[in-house]
Trainee: 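Handing you this structure, nothing more for now.
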There are 2 protein chains.
Amino acid sequence: MHITLESDYALRIVLCLVREKKRLDAKTISEHTCVTLRFALKILRKLVAGGIVKSFKGTQGGYELAKKPEEISLKDVIETVEGTYCLSRCLQDDYECSRGKSGICCFQKAFDEISTLVQERLQHYNFGMLKDDF
Amino acid sequence: MHITLESDYALRIVLCLVREKKRLDAKTISEHTCVTLRFALKILRKLVAGGIVKSFKGTQGGYELAKKPEEISLKDVIETVEGTYCLSRCLQDDYECSRGKSGICCFQKAFDEISTLVQERLQHYNFGMLKDDF
DNA sequence: TGAAAAGAGTAGTAAATTAGTATAAATAAT
DNA sequence: ATTATTTATACTAATTTACTACTCTTTTCA
């Protein structure tokens with residue numbers, strides 16, 4: 001019931017790019033964030049696919065932010081890495097809830113409210129606010 | 001980043017006891033909730049230890065609620081089964097955050113706020129409110 | 001133009017967590 | 001005593017998370 005380590009690493013990586021304010025190659029990012037090179041590369045690919053980071057191939061290549069820090073929320077990064085947040089599986093479209101015949105159980109409303117709240121808060125915090133906060 | 005299936009089963013089990021309003025043995029609970037007998041027994045032990053359910057040994061034994069439905073929150077059940085909710089490991093006492101030398105990182109405040117919010121909401125919903133809601 | 005320095009893609013393995021089972025012992029009622 | 005129940009401990013299986021290996025493609029620049 002946690003944010004995964006992978007999300008945590010992704011947040012560090014984005015923070016690293018926010019702070020350095022320039023193009024960085026994967027090796028440098030790996031060193032700054034204490035995430036292994038291979039794993040950092042994998043996460044960076046997800047961030048690129050999610051439109052949070054831009055990549056440049058070849059010598060002098062590397063990664064830059066694709067948006068301004070204040071346009072990148074915790075939600076953007078976390079959901080790019082691990083998909084939409086939901087508190088219980090019964091909120092997922094493909095989940096067959098064995099409790100209710102109707103497909104709607106008494107817990108669903110509560111879980112849905114809480115998941116929405118979490119998403120809203122994760123959306124609220126962005127890297128513009130967070131960057132100097134160490 | 002989910003409530004586990006085990007918590008989900010625990011909620012069903014408590015709901016079953018709330019609805020039946022009488023002492024039930026593990027086999028009956030298992031049948032009503034579609035949780036295997038062995039696993040239901042395991043979860044019931046946690047619920048007993050957590051003070052949510054009372055157990056009675058021997059013939060005519062079984063389980064009853066230890067409190068009124070309105071005194072049992074979602075939080076009570078979920079935390080009994082899987083421990084305190086926290087969004088990120090960096091909120092756990094024993095977690096060594098490799099980001100900040102100070103032990104406090106810029107994400108911690110946000111995660112802490114959100115975790116608190118989730119706990120508050122889970123506390124708010126109780127089985128008195130939920131029981132008839134199918 | 002081709003070697004070097006990057007990232008991209010795919011597939012795999014290892015570790016951790018979650019889910020579930022087996023077995024033997026203890027207890028209470030009759 | 002016997003039977004129906006819970007308790008306790010330890011185990012195994014399945015799933016998810018974390019991480020690695022290898023090969024390919026692209027870009028730069030001597």
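Computed over heavy atoms, backbone and side chain alike; hydrogens, waters and symmetry mates excluded. The sequence lines fix the lettering, A, B, ..., with proteins before strands; numbering per chain opens at 1.
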Trainee: Please list, chain by chain and in numerical order, all residues satisfying side-chain hydrogen bond (donor to acceptor under 3.5 Å, both in side chains) with B:Glu20, sequence neighbours excluded.
Mentor: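 B:Glu20 satisfies side-chain hydrogen bond (donor to acceptor under 3.5 Å, both in side chains) with no other residue.
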
Trainee: Rounded to the nearest Å, what distance is computed from the CG atom of residue A:Leu24 to the P atom of nucleotide C:dA6?
Mentor: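 In whole Å, C:dA6 P lies 12 Å from A:Leu24 CG.
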
Trainee: Show me the pairs that pass ring-ring contact (aromatic ring centres under 6.0 Å, His included) and involve residues 11-32 of chain A, at least two apart or across chains.
Mentor: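 As it turns out, there is no ring-ring contact (aromatic ring centres under 6.0 Å, His included) pair with a partner in residues 11-32 of chain A once direct neighbours are skipped.
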
Trainee: Heavy atoms under 4.0 Å is the rule here; annotate nucleotides 25-30 of chain C 5' to 3' with B where the base is hit, S where only the sugar-phosphate is, and - elsewhere.
Mentor: --BBB-

Trainee: Mind checking side-chain hydrogen bond (donor to acceptor under 3.5 Å, both in side chains) for A:Arg23 and listing every partner two or more places apart, or none if nothing turns up?
Mentor: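 Checked A:Arg23 against side-chain hydrogen bond (donor to acceptor under 3.5 Å, both in side chains); matches are A:Glu64.
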
Trainee: Using the side-chain hydrogen bond (donor to acceptor under 3.5 Å, both in side chains) criterion, which residues pair with A:Asn126? Sequence neighbours excluded.
Mentor: none

Trainee: Polar pairs (N or O, both sides) under 3.5 Å between protein and nucleotides 19-21 of chain D?
Mentor:
unit_1: D:dC19; atom_1: OP2; unit_2: A:Tyr9; atom_2: OH; d: 3.0
unit_1: D:dC19; atom_1: N4; unit_2: A:Lys42; atom_2: NZ; d: 2.3
unit_1: D:dT20; atom_1: OP2; unit_2: A:Thr36; atom_2: OG1; d: 2.7

Trainee: With clusters built from Ile, Leu, Val, Met, Phe, Trp and Tyr whose side-chain heavy atoms come within less than 4.5 Å, directly or transitively, what are the remaining members of the cluster of A:Phe56, listed by chain and number?
Mentor: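 Besides A:Phe56, the cluster holds no residue at all.
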
Trainee: I'd like to check the side-chain hydrogen bond (donor to acceptor under 3.5 Å, both in side chains) partners of A:Thr28; sequence neighbours left out, ordered by chain and number.
Mentor: A:Asp25

Trainee: Scan for side chain to side chain donor-acceptor pair (under 3.5 Å) pairs involving residues 40-61 of chain B, sequence neighbours excluded, and state none if there are none.
Mentor: B:Glu6-B:Lys46

Trainee: How bent is the helix from C:dT1-D:dA30 to C:dT30-D:dA1, measuring the angle between the end axes built from five pairs each, rounded to 10°?
Mentor: 0°

Trainee: Report all side-chain donor-acceptor pairs from residues 66-77 of chain B shorter than 3.5 Å, counting only partners two or more places apart or in another chain.
Mentor:
unit_1: B:Glu71; atom_1: OE1; unit_2: B:Lys68; atom_2: N; d: 3.3
unit_1: B:Ser73; atom_1: OG; unit_2: B:Lys75; atom_2: N; d: 3.4
unit_1: B:Ser73; atom_1: OG; unit_2: B:Asp76; atom_2: N; d: 3.0
unit_1: B:Ser73; atom_1: OG; unit_2: B:Asp76; atom_2: OD1; d: 3.3
unit_1: B:Ser73; atom_1: OG; unit_2: B:Asp76; atom_2: OD2; d: 3.1
unit_1: B:Ser73; atom_1: OG; unit_2: B:Gln123; atom_2: NE2; d: 3.4
unit_1: B:Asp76; atom_1: OD2; unit_2: B:Ser73; atom_2: N; d: 2.9

Trainee: To the nearest Å, give me how far apart CG (B:Leu47) and P (D:dT7) are.
Mentor: 11 Å

Trainee: Quick one: ring pair (Phe, Tyr, Trp, His ring centres under 6.0 Å) partners of A:Phe127, sequence neighbours excluded?
Mentor: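 Scan of A:Phe127 (ring pair (Phe, Tyr, Trp, His ring centres under 6.0 Å), adjacent residues dropped) gives B:Phe107.
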
Trainee: If only side-chain N and O atoms of A:Ser55 are considered, is one of them under 4.0 Å from the OP1 or OP2 phosphate oxygen of C:dA8?
Mentor: yes

